[in-house]
Structure formats: C-alpha cells, structure tokens
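One structure is given here, and the rest of the page talks about it.
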Amino acid sequence: MSCIDPILLNDWYIVGKAEDIQPGTIKPVRLLGEDIVVWRGSSLESPVLAWQDWCPHRGVPLSLGKIVGDRLACRYHGWQYDKTGQCVCVPSLPTQSPPVNAHVKTYKCQESSGYIWANLGDFPRQLPAFPNNPDHRQFVAEPYYISSSPFRVMENNLDMSHPAFLHEGTIGDPNFPLVEDYEVNAEKDRIVIRNIQSWQVGANYTNIKTLSKINISSLIINYPLSMTAVKEIEDSNEKIYVFINITPIEEEKSVMWISFAMNYGHEIAESEMQTYTDKVFREDVFILESQRPARLPLLYQKDTDPQWPPEVHVRCDKASVVYRRWLKSLGITFGVC
Ligand code: FES
Ligand code: CO
C-alpha cells in the first residue's frame, strides 16, 4: 500500500452504485491492490462503510461474514465489529471485554452522485461531483470490468479519432473520420479540452441512426481518473453531460463507471439506455484489453521497453499527449510504463 502514488491514494473511487449497496449489504471490492469490504448495517440510518477486508483475529475476509444489526460479524469465530471498526463482542468469552487491539482498519466512504465512493488515503482530495439538474434525464450505467491499466481506460475517453472505426455502426461512420483541431490546456490541477468536433451516428444514444456533427464543447479532467464532458449535437438542442470515473483495481485491472445527464430523453427506458451503452462501451473494452503494453506508456521514458517502442502520435491525439505529460508531472507510476 505504501508504494501507491500519494495522489492516487488520496483520490476517491467508486466502489458501487448507491442502489446496489442498500442496508444489509456486504460487498467485497478490490481497490489499488487492496481487498476492501464495503458494507451497510441493517437499519435505514446505517452509514455506508469501507474497511480492510481482514479480520484481526485470524485474517479471514470480513466480507465472508454477516451483518448483525449495525455490526459486522466474522464468519470464522463470530467476532462482531461496530461501525468504528472496533471489536465489541467475542461470543466465546461473553463475560470479558474484547481486546482493544481487535480493531479493523477503516477507510473513508460516502455516497454521492448515485455512487458509493471510498478513499484509502489520510489526506483525501475533494470528491468528484456531477452536476445534478433535476430537469435532466439521468442514467447511471452498470460498470465495465476491464483487464487494462486504468490510465489506458481513461485515455480512451479522450481519444476522438477512434469512434469512426471502432464504433462503426454503433456511433461511428468510417466515411466521416475527420476530427477538427481543438483546444487543450493543462492547468495546475486539471486538463481542460474544448470544442472537439467530429461526426457520429446515433450520437444521442437513441436508436435513431442519423449522422450528426457533434461538438464536445468541454471535457475536463479534474483528477487523474475522473472526467466530465458536455456533448452537443449540432442542429438540435440536445446536450449530453457525461461523467466517467475509473476505479483502479490493480495496475492492469480497472472498472469504468459512466453516468449521463441529458436535456431530453425522459421517455427512454432504463433498459434501452443500458443496452445502447453496452453496445458502444463493450467495443472499447474489447480494444482496451488488446492493447500492448497494458500499462499506459508515458512520454520521455529513458528506458523504453525494446519490445514496445514509443507510440506514435498525430495532431488529433494531442489530448492524450497532454494527459500523459500531466500524469508524468503528477509523479504517477502506478499502471503506467
Ligand atoms: Fe475472524 Fe476469528 S478470524 S473471528
Ligand atoms: Co469508444
């Protein structure tokens, strides 16, 4: 754990959709190479909690246990832990106080924007937020598990020349591959990209397959693995706000979480949105898992792996180039090469 880059350690990551972690839920998750148990006691007021998934008695994962009221009970000997992580009951010794050092390592955890977020660091940064406009049609997609570096996954969302080819027929048309020049600026704490114009079919995530010019009027990366974007469809008033967060499971394993807020489409069924999102993003997952090396190559590496010479960039890749340079300046070493 200590070898994880501090900036990554102190960021927040999604560990589940809020609706999936109801009172009485125990969910094992992996985050930055650590096993975590996310759970909520059985009452409606029970807070959502994230702990190291490890019982201090004999090292059994607490996620194998069960919830007893507002406590988590270990499967092996039934020791019970209260919401602070302290053992408050050793059933085999009912008349004695439990050992004070029987305390589970706890992490920060909270609910926001339809998700449960966990933070393993001691100096947490601000939580990424998605503007919540009640007039918008909100959609929180099911997660995508991807065997690739979280930074490869993130970079794919800045890559504007792939939809025409990889997403041919879903949102792309290879006869319209042009990506016009756009603005990209690395600021101290974020990258701001503006006015990426290209062509898409079915750009509004409905089954109407018209070819339209789209403008990603803003795409902002505030955290290494979190971004918000606004996609506007020319000759319509339709706007789609996109919130994408990548959870780093391991250096070469990730989960991608996508939310949309649209100023139209209140009538589109949840299942239809999910089917459409799956069609598009499974194409991304397929290609992401094929990339070599699986870790994102940063720029100007002294010791380039002779098996994988430096990748070649062209003008429309400048968002990726700026992202890689920014990661390097932040001192990221996890999931990159
Ligand atoms: Fe958890 Fe013994 S290992 S109670
Ligand atoms: Co794609």
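Start at 1 and go down the list; that is how both ligands and their atoms are numbered.
- Side-chain atoms of Glu111 and Arg40, non-hydrogen and from C-beta on, do get closer than 4.5 Å to each other.
- Salt bridge annotation for Lys213-Glu180: present, with a cationic side-chain nitrogen under 4.0 angstrom from a carboxylate oxygen.
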* What do the steps show when you test Glu283 against Thr170 for side chain to side chain donor-acceptor pair (under 3.5 Å), and what is the final call? -> CA-CA 9 Å; Glu283 291 170 333; Thr170 45; 2.7 Å; yes
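- At most 12 non-hydrogen atoms from other residues, nucleotides or ligands lie less than 6.0 angstrom from NZ of Lys66.
- Using a 4.5 Å heavy-atom cutoff, the side chains of Met160 and Leu219 are in contact.
- Between Arg71 and Asp82 no salt bridge is recorded (no basic side-chain N to carboxylate O distance below 4.0 Å).
- Around atom 2 (Fe) of ligand 1, the protein contributes the following N, O or S atoms at distances under 2.8 Å: His57 ND1, His77 ND1.
- Side-chain contact between Ser226 and Phe243: present, with at least one pair of heavy atoms (C-beta onward) separated by less than 4.5 Å.
- Note on the Co ion (ligand 2): protein N/O/S atoms under 2.8 Å are His162 NE2, His167 NE2, Asp284 OD1, Asp284 OD2.
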* Asked: Yes or no on side chain to side chain donor-acceptor pair (under 3.5 Å) for Asn195 and Asn215, after CA distance, side-chain angles and deciding distance?
  -> CA-CA 6 Å; Asn195 294 323; Asn215 180 18; 3.3 Å; yes
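- Looking at Arg295 and Arg152, their side chains never come closer than 4.5 Å, going by heavy atoms from C-beta outward.
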